[in-house]
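The analysis underlying the following values was restricted to heavy atoms, covering all of them including side chains, and did not include hydrogens, waters or symmetry mates.
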Amino acid sequence: MKLKNSIFILILIALLSLVGNMVGAKHNILEALPGMLILVLIAIGGILLTKIMPGKIPAVAYIVTLGCIVTYPGIPYSEIISSYIAKVDFLSLTTPILGYVGLSIGKDLDSFKKSGWRIIVLSIVVFVGTYLGSALIAQLILKSIHQI
């Protein structure tokens, strides 16, 4: 995907997320705008790193790494960045992204049909396994720190 298209999609998702953030989490758009701009800049930085760094590391790895670096305690301005990002609700981010993914999968229904029924069974097993694994890990950690 071209950088221009990626930036366009990021901005579109950001705008939709800001509206969702206002409706769902009740944060004012202007209040959440700095956090959303930071998230978009981190994503663009990760995409750019994918293009210039050697190897075939996915952009998401660079984006997560950049996000961790800029919010790590002790890094200059990390507290300010974290406070801005905290005003962006997670669910308001995921809704437009999942909608976009659904539309892009809808374009490729022919290849999805070729996968057959096994892909549905595999997806269900992966989702259930991921959920149960996450719940188990959360349970163990919360019990070990006496939160439950």
If you measure from [atom1] on [X] to [atom2] on [Y], what distance do you get to the nearest 0.5 Å?
{"X": "Q147", "Y": "I141", "atom1": "CD", "atom2": "CD1", "value": "11.5 Å"}
{"X": "L37", "Y": "L18", "atom1": "CG", "atom2": "CG", "value": "8.0 Å"}
{"X": "L30", "Y": "M22", "atom1": "CG", "atom2": "CE", "value": "10.5 Å"}
{"X": "K87", "Y": "H27", "atom1": "NZ", "atom2": "NE2", "value": "8.0 Å"}
{"X": "L12", "Y": "S17", "atom1": "CG", "atom2": "OG", "value": "9.0 Å"}
{"X": "I85", "Y": "I38", "atom1": "CD1", "atom2": "CD1", "value": "5.0 Å"}

Going only through I, L, V, M, F, W and Y residues with side-chain contacts under 4.5 Å, is there a path from [X] to [Y]?
{"X": "I137", "Y": "Y131", "value": "no"}
{"X": "I80", "Y": "V70", "value": "yes"}
{"X": "I63", "Y": "I57", "value": "yes"}

Do [X] and [Y] touch side chain to side chain, with heavy atoms closer than 4.5 Å?
{"X": "L48", "Y": "I44", "result": "yes"}
{"X": "L49", "Y": "L66", "result": "yes"}
{"X": "M36", "Y": "L15", "result": "no"}

* Asked: Is it true that a side-chain atom of T71 and a backbone atom of S82 form a donor plus acceptor pair closer than 3.5 Å?
  ->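 Flag not set: sc T71 to bb S82 has no pair under 3.5 Å.
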* Any donor and acceptor pair, going by atom type alone, linking the side chain of D89 with main-chain N or O of N21 inside 3.5 Å? -> no
* Apply the side-chain contact (heavy atoms from CB on, under 4.5 Å) test between I47 and each candidate in L10, I42, V60; give the one that qualifies. =>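 For I47, the side-chain contact (heavy atoms from CB on, under 4.5 Å) test succeeds with only one of L10, I42, V60, which is L10.
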* Going by the side-chain contact (heavy atoms from CB on, under 4.5 Å) test, name the single residue among L16, I13, V88 that passes it with L93. => V88
* **OH/Y84: more than 12 non-hydrogen atoms of other groups inside 6.0 Å** =>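 Counting other residues, nucleotides and ligands, OH of Y84 stays at 12 neighbours or fewer.
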